[in-house]
Each structure stands twice: as structure tokens, then as C-alpha cells.
Q: 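Submitted below is the structure of interest, expressed as C-alpha cells.
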Amino acid sequence: MIEIRKIKWRNFLSTGNVFTELNLCDYQLTLMVGKNGAGKSTLLDAVSFAFFGKPFRNINKNQLVNSINKKNTEVHVEFNIGNKQYVIKRGIKPTIFEIYCDGNLIDQNAEQKEYQEMLEKQILKLNHKSFNQVVILGSTSFVPFMQLTAANRREIIEDLLDIEIFSKMNVLLKDRLSKNKDDIQKADIAIKQLNTRIEIEEKHLKEKKQNLTDIVEEKNKQKTKINKQIKSNQSIVETLTTQYQEWLAAKQTNEKKLSKVKKLEDLKKQLQQKIRKIDDDIDFFSSNDNCPTCRQIIDNMFKSSTIESKQHQKWRYINGISDIDVQIQTYGNIDGLVEEQTSCINTINNQIMSAKMAIAVDQKLIENIDNDISILNVEDQSSTSASEIQDLKTKLASCQQEYKGLLDDKQVLEVAGILLKDTGIKTKIIQQYIPVINKLINKYLASMDFFVNFELDENFEEQIKSRFRDEFVYESFSEGEKMRIDLALLFTWRSIAKLRNSISTNLLIMDEVFDSSLDNEGTDEFLKILNQLTKDNNTFIISHKGDQLADKFPNVIKFEKIKNFSRVVQ
């Protein structure tokens with residue numbers, strides 16, 4: 001419950017620079033009187049301005065500033081909600097908007113609009129329209145419940161029943177549904193894009209694999225061809241190696257023979273040299289009788305025997321040479337044969353080396369081909385495209401899961417939307433309160449001796465029947481009868497608010513209600529109702545008929561204007 005305890009104002013409308021202060025809780029049922037223009041209705045605008053930053057009556061905000069002082073307009077209101085004490089200070093020229101809780105200023109970092117929204121939604125839990133239906137009943141800018149549109153009627157009832165949260169939830173739900181719809185469209189587009197990319201990448205990978213297969217097959221064909229060349233060259237090497245070994249064996253044999261021939265030729269040369277030596281000795285002994293060295297005479301016997309011995313030795317060497325020649329002749333042209341065999345061996349060896357080199361080159365080619373095939377196989381098995389495709393499929397699965405979750409959310413949100421519509425939960429709650437509301441309305445109407453059967457339906461359309469069951473609408477009644485209906489509705493809303501503890505408040509202000517359409521009988525009945533309400537309420541009745549009503553109220557506050565400034569005269 002909002003307990004509005006005190007309000008004060010200065011430089012507000014016709015009030016001067018001195019604060020006018022009312023301790024609202026000091027009065028239960030109070031009449032506020034004064035001449036026209038004395039400032040008795042200022043309370044309406046001060047309360048409305050303090051809480052909502054705008055007057056109750058249709059007055060421009062700048063016109064609230066006192067036209068003489070033209071500055072320092074201030075309104076302060078003190079109220080309690082539960083155990084918390086609040087003070088709101090508002091001002092014009094300079095602009096002031098401060099909210100205090102238990103003496104501490106509430107954070108003002110937010111903009112003024114957000115600060116006001118915080119006050120209405122988090123503290124008061126009440127908006128200006130509902131405030132005017134429950135707290136203030138004026139004869140000027142007040143719009144009776146029955147003259148509101150169906151949407152505004154519903155808004156008032158939702159505030160009273162504290163079910164406006166469902167409307168807020170419905171607004172949030174619409175945002176979530178809109179976002180869910182956008183997210184579903186985005187997820188659907190993402191899934192289609194991923195499927196297209198996967199299809200393209202798989203096609204590309206298939207073509208790539210086919211190309212790799214073709215390349216590997218061509219490599220294997222090259223490898224087969226080279227292997228044939230290697231086998232052919234290996235066969236040539238084997239044949240040439242056999243020939244090489246045969247020629248080498250033959251050459252080795254002939255080289256042995258050639259070695260013997262050279263030894264025989266060397267021996268022949270030695271024998272020829274010895275023969276020449278013998279010829280020299282024979283010639284010496286034949287030509288000389290005396291020794292050239294010692295000058296002694298050479299004995300003829302010795303000379304003859306020596307020459308004979310030398311001749312005999314010479315013939316023995318000649319016969320030896322003859323035997324050597326015979327032996328050399330038996331070997332024939334062994335030197336040319338060895339040379340020819342060496343040339344053939346070198347040729348065969350060159351052919352073997354050439355064949356082996358060709359084999360080595362071909363083996364290196366095969367090794368390179370094997371490496372290429374291995375690389376191609378690795379590339380095939382760990383293809384970047386294959387990895388990308390797997391990543392895309394993982395993303396696709398995630399998107400599909402998200403899409404499914406979004407569809408599930410959509411179903412939940414749609415069900416919630418059905419529940420949060422005006423025909424959903426709120427209607428169920430309203431249906432429970434409609435009988436109570438109608439009962440209270442008819443109770444207050446009967447208290448004012450207005451005996452009709454007044455009923456509101458779930459759409460807050462009225463159905464009014466007389467005791468003779470004649471059907472009426474609100475506009476069918478006189479102004480006095482309309483006023484009774486408006487008052488009955490006002491008291492009903494306050495009773496419902498108190499029952500629900502939603503926007504229940506102690507303050508009730510009525511501006512010139514008794515000066516309009518209520519007759520004397522209706523006024524007396526209305527006062528009876530007011531006296532019943534004053535037990536838990538602080539009610540202020542504004543009227544310019546103070547002389548007729550003063551004796552009917554326990555408290556009277558009089559306003560008067562002195563030197564163009566309004567003030568309270570107790």
C-alpha cells in the first residue's frame with residue numbers, strides 16, 4: 001500500500017515562494033473550500049506533478065510556474081511503501097527530479113525518462129492513468145471509466161488486478177517471437193548455404209580424387225614400363241657380365257702366356273748379349289798376342305783352348321736362342337691377342353657400366369614415382385577438402401540442432417503467446433474478479449439509492465438494466481445518474497486495489513463532486529459512503545459550496561488568495 005503522508009509546494013500555480021504544506025495523514029475526511037481561483041484545486045495538480053511530472057488538469061507544464069515569481073517552482077511529496085520511506089522532489093526553473101529512499105538519494109545516472117519509468121514500475125507500480133482512476137476524481141480533466149476506450153479500460157483493470165505483468169510479458173514475448181522468427185530464417189539460410197557448400201566441396205573432392213586416381217594410375221604405368229627397362233638392362237648386364245668374365249679368363253690365360261714369351265725374349269736377349277761378349281773375347285784372343293794390361297805374352301795353347309772354349313759356349317747359346325725362338329713361335333701373336341681381348345673387355349665393361357647406370361637412373365625414377373604416389377595417397381587420405389567438408393558437416397549438424405531448438409522454442413513461445421493474449425491467462429483472472437467487481441458496483445449504486453443492475457463483461461462493456469429489466473447504456477442516464485455510476489466505479493476500483501494490494505493508497509481526492517450533478521439525496525448517501533471509507537483513507541473533498549457543506553465534515557481547510565498568492569487558512 002502507498003501511504004501518502006505529506007505534500008508541500010511553492011511557486012506552484014498561484015502559490016508564492018513560501019511552502020504550502022499539508023500533512024495528509026492528519027485528516028480522514030476533509031472539506032477543502034475557497035472561492036474560485038483561490039487555489040483549492042492546486043492539491044490535485046501538485047500530487048500529480050510530484051508523482052508523474054505532469055499536472056492533473058489540462059495545464060501546460062510551463063504554466064505551473066508562478067506567473068509572478070517565475071522561478072523556483074518546487075513540489076515535495078513524502079510517502080511510505082511497507083517499511084520504506086520515500087521522498088520525491090520535483091522542480092521547474094531550475095529542473096529538479098530527485099527520489100530519496102530512507103534518506104538516501106536513488107542513483108540518478110539514468111536519463112529523466114528512465115528515472116520516471118523506474119519510479120512508476122519499480123516503486124509506485126502505478127501509472128498516471130490508473131492513479132487518476134483510483135486517487136483523484138475531478139470535474140475538469142477527469143475522464144470517467146465509462147468514457148474510456150476498451151483498451152484504456154483494460155489497462156486500468158490490469159493495473160488494479162496487478163496483471164499488467166502479463167501484458168509486459170506479451171510485449172517481450174512478441175520481441176522474442178520476432179527474434180525467434182529471424183533466428184529461424186537465419187538458421188534455415190545457414191543450413192541451405194552449408195548444404196550447398198558441402199555439395200560443392202564433395203563434388204570438388206570427388207573430382208580431385210578422380211584426378212589423383214588417374215595420376216596414380218599413370219604413375220604406375222610409368223613405373224611398369226621403367227621396371228621392364230630395368231629388367232631388360234639387368235638381363236643385358238648379366239649377359240655382358242658372363243661375356244666379361246669369359247673374356248677376362250681368356251685374357252688372363254693369354255697374359256700368362258705373354259708373360260712367358262716376354263721371359264723367353266728377355267732370356268734370348270741375355271743369350272744374345274752373352275754371344276756378343278764371347279765374340280768380343282774370341283776377337284781379342286785372335287787379335288792380340290800380348291796382354292794389353294800386363295804386357296805379357298799370351299800363350300798360344302792357352303789362346304787356342306780359350307778360343308775353342310768360347311766357340312763351343314757360343315754355339316750352345318745360339319742353340320738356346322734357336323730353342324727360344326721355336327718356343328716363342330708356338331705362342332703366335334699372343335701380344336696382339338691380349339691387346340684385342342683387353343679392348344673387348346673394356347668395351348664390355350663400358351656396356352655393363354652404361355646398363356647399370358641406366359638401371360640406377362630407372363630405379364631413381366621409380367623411387368621418385370613411389371614418392372609421388374605416396375604423397376598423392378597421403379593427400380588423398382588427409383585432404384584439406386575432406387577436412388573442410390567434415391568441419392562443414394559439423395557446423396551443419398550444429399545448425400540443424402540449433403534450428404530444431406529454435407522450432408521447439410517457437411512452439412513454446414506460440415503456446416505462451418496464446419496464454420498471454422487478452423483471451424488467455426488475463427481473461428481467466430478477470431473472469432474470477434468480474435462477479436466481485438459487479439457486486440461491489442451494484443452495492444455502491446444501491447448505497448446511493450440508484451437501483452439498477454450494472455454489469456461489466458470480460459471486455460468491460462457495460463450492461464445496465466432497471467428493476468423492470470429495461471436495458472440502458474451509460475449515455476442513457478442523466479448527469480447525476482452518471483456521477484453515481486462514476487463514483488460507484490471509483491469506490492469499486494479502490495476496494496479491488498485494496499483487496500489485491502496492487503495500487504492501494506490512503507489518499508482520495510474529489511474535485512467539485514458535490515458541485516456538479518448530485519442532488520441532495522444523492523449527496524447524503526454519498527457522504528455515508530465516504531464516512532465508511534474514512535476508516536482507512538484520507539479523503540479530501542474540494543468544493544466552492546463551503547457554506548452548505550462545512551457542517552457535514554469533521555475537518556475543513558480553506559484556501560484564499562492574498563496579494564495574488566494563494567495560501568491555506570485553517
Side-chain angles (χ1 to χ4, degrees), residues 1-13 15 17 19-26 42-56 59 61-62 64-65 71-136 155-156 158-169 171-172 175 497-498 500-509 537-538:
M1 177 177 176
I2 304 172
E3 184 183 16
I4 305 172
R5 301 187 60 81
K6 182 187 293 185
I7 187 166
K8 63 180 182 178
W9 63 87
R10 69 170 180 169
N11 294 315
F12 188 81
L13 293 173
T15 307
N17 196 38
F19 274 107
T20 297
E21 183 173 324
L22 292 177
N23 291 315
L24 303 176
C25 289
D26 293 345
T42 303
L43 176 63
L44 299 172
D45 297 310
V47 172
S48 179
F49 177 72
F51 281 115
F52 302 102
K54 50 189 173 184
F56 171 76
I59 303 173
K61 185 176 179 180
N62 290 329
L64 295 175
V65 182
K71 63 180 179 177
N72 295 326
T73 299
E74 284 188 63
V75 179
H76 300 180
V77 63
E78 298 179 15
F79 61 98
N80 296 345
I81 299 178
N83 295 325
K84 294 185 177 182
Q85 297 179 353
Y86 292 92
V87 176
I88 299 175
K89 297 181 180 180
R90 285 192 194 262
I92 307 174
K93 293 184 179 181
T95 299
I96 302 172
F97 182 22
E98 298 173 345
I99 305 172
Y100 294 85
C101 178
D102 294 331
N104 299 314
L105 179 64
I106 296 176
D107 184 20
Q108 289 183 302
N109 288 336
E111 294 182 1
Q112 190 170 14
K113 182 179 179 182
E114 295 175 350
Y115 205 48
Q116 178 65 37
E117 186 175 344
M118 181 271 295
L119 171 63
E120 293 183 17
K121 293 185 177 180
Q122 298 181 24
I123 299 176
L124 299 175
K125 298 181 180 178
L126 172 72
N127 59 34
H128 189 247
K129 192 175 296 180
S130 299
F131 182 83
N132 289 345
Q133 288 293 322
V134 175
V135 178
I136 300 175
E155 185 178 346
I156 298 297
E158 287 182 2
D159 278 347
L160 290 170
L161 298 181
D162 199 21
I163 58 174
E164 74 279 0
I165 184 63
F166 297 114
S167 296
K168 296 174 184 176
M169 290 171 64
V171 172
L172 296 175
D175 292 339
K498 184 175 181 180
R500 284 288 300 161
N501 195 27
S502 53
I503 55 175
S504 177
T505 178
N506 64 309
L507 184 63
L508 173 61
I509 305 174
N537 290 276
N538 303 103

Q: Supply the atom-to-atom distance L119 CG to E114 CD, rounded to the nearest 0.5 angstrom.
A: 14.0 Å
Q: Please tell me if the side chains of V87 and C101 come closer than 4.5 Å, counting only heavy atoms from C-beta onward.
A: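 No, side chains not in contact.
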Q: Look up atom CG in L22 and atom CG in L43, then write down how far apart they are to the nearest 0.5 Å.
A: 6.0 Å
Q: Checking T15 side chain against R10 main chain: does a donor-acceptor pair fall under 3.5 Å?
A: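 Answer holds: no.
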Q: Could you check whether the rings of F51 and F131 sit parallel, tilted or perpendicular, using 30° and 60° as the cut-offs?
A: tilted
Q: Taking the side chain as every heavy atom from C-beta outward, state whether M118 and I123 have any atom pair closer than 4.5 Å.
A: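 Yes. Closest side-chain heavy atoms under 4.5 Å.
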Q: Considering all heavy atoms of both residues, which atom of V75 and which atom of A50 are nearest to each other, and what is their separation?
A: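 Minimum heavy-atom contact is CG1-CB, 3.7 Å.
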Q: Testing F49, F52, F56 one by one against H128 for a ring pair (Phe, Tyr, Trp, His ring centres under 6.0 Å), which residue passes?
A: F52
Q: Which residue pairs satisfy the side chain to side chain donor-acceptor pair (under 3.5 Å) criterion with at least one member in residues 89-101, sequence neighbours excluded?
A: R90-Q116, E98-Y100
Q: Hey, could you give me the CH2/OG1 distance between W9 and T42, rounded to the nearest 0.5 Å?
A: 6.5 Å
Q: Minimum heavy-atom separation for S48 and P55, please, with both atom names.
A: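 Heavy-atom minimum between the residues: OG-C, 3.5 Å.
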Q: Rounded to the nearest 0.5 Å, how far apart are OG1 of T73 and CG of L64?
A: 7.5 Å
Q: Rounded to the nearest 0.5 Å, how far does CD of E74 lie from CD1 of I96?
A: 4.0 Å
Q: Please check: side-chain N/O of N538 versus main-chain N/O of L507, any donor-acceptor pairing under 3.5 Å?
A: no
Q: For residues F12 and T20, determine if any side-chain heavy atom of one lies less than 4.5 Å from a side-chain heavy atom of the other.
A: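 No. Closest side-chain heavy atoms not under 4.5 Å.
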Q: Side-chain contact test, heavy atoms from C-beta onward, threshold under 4.5 Å: evaluate it for I4 versus N506 and give yes or no.
A: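 Result yes, sub-4.5 Å side-chain heavy-atom pair found.
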Q: Please report, to 0.1 Å, the donor-acceptor pairs under 3.5 Å made by any side chain of residues 77-85, with sequence neighbours excluded.
A:
none

Q: Is the closest side-chain heavy-atom distance between L126 and T505 below 4.5 Å?
A: no
Q: Report yes or no: does Y86 contribute a side-chain atom to a donor-acceptor pair with the main-chain N or O of L124 at less than 3.5 Å?
A: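 Such a contact is absent between Y86 side chain and L124 backbone.
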Q: Side chains of I88 and F97: closer than 4.5 Å at any heavy-atom pair?
A: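 Of all side-chain heavy-atom pairs linking F97 with I88, at least one is under 4.5 Å.
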Q: With F19, which residues qualify under ring-ring contact (aromatic ring centres under 6.0 Å, His included), at least two apart?
A: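 So F19 forms a ring-ring contact (aromatic ring centres under 6.0 Å, His included) with H76.
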Q: Side chain to side chain contact (heavy atoms under 4.5 Å, CB included) for L508 and V135? Distances and angles first, verdict last.
A: CA-CA 5 Å; L508 173 61; V135 178; 6.0 Å; no
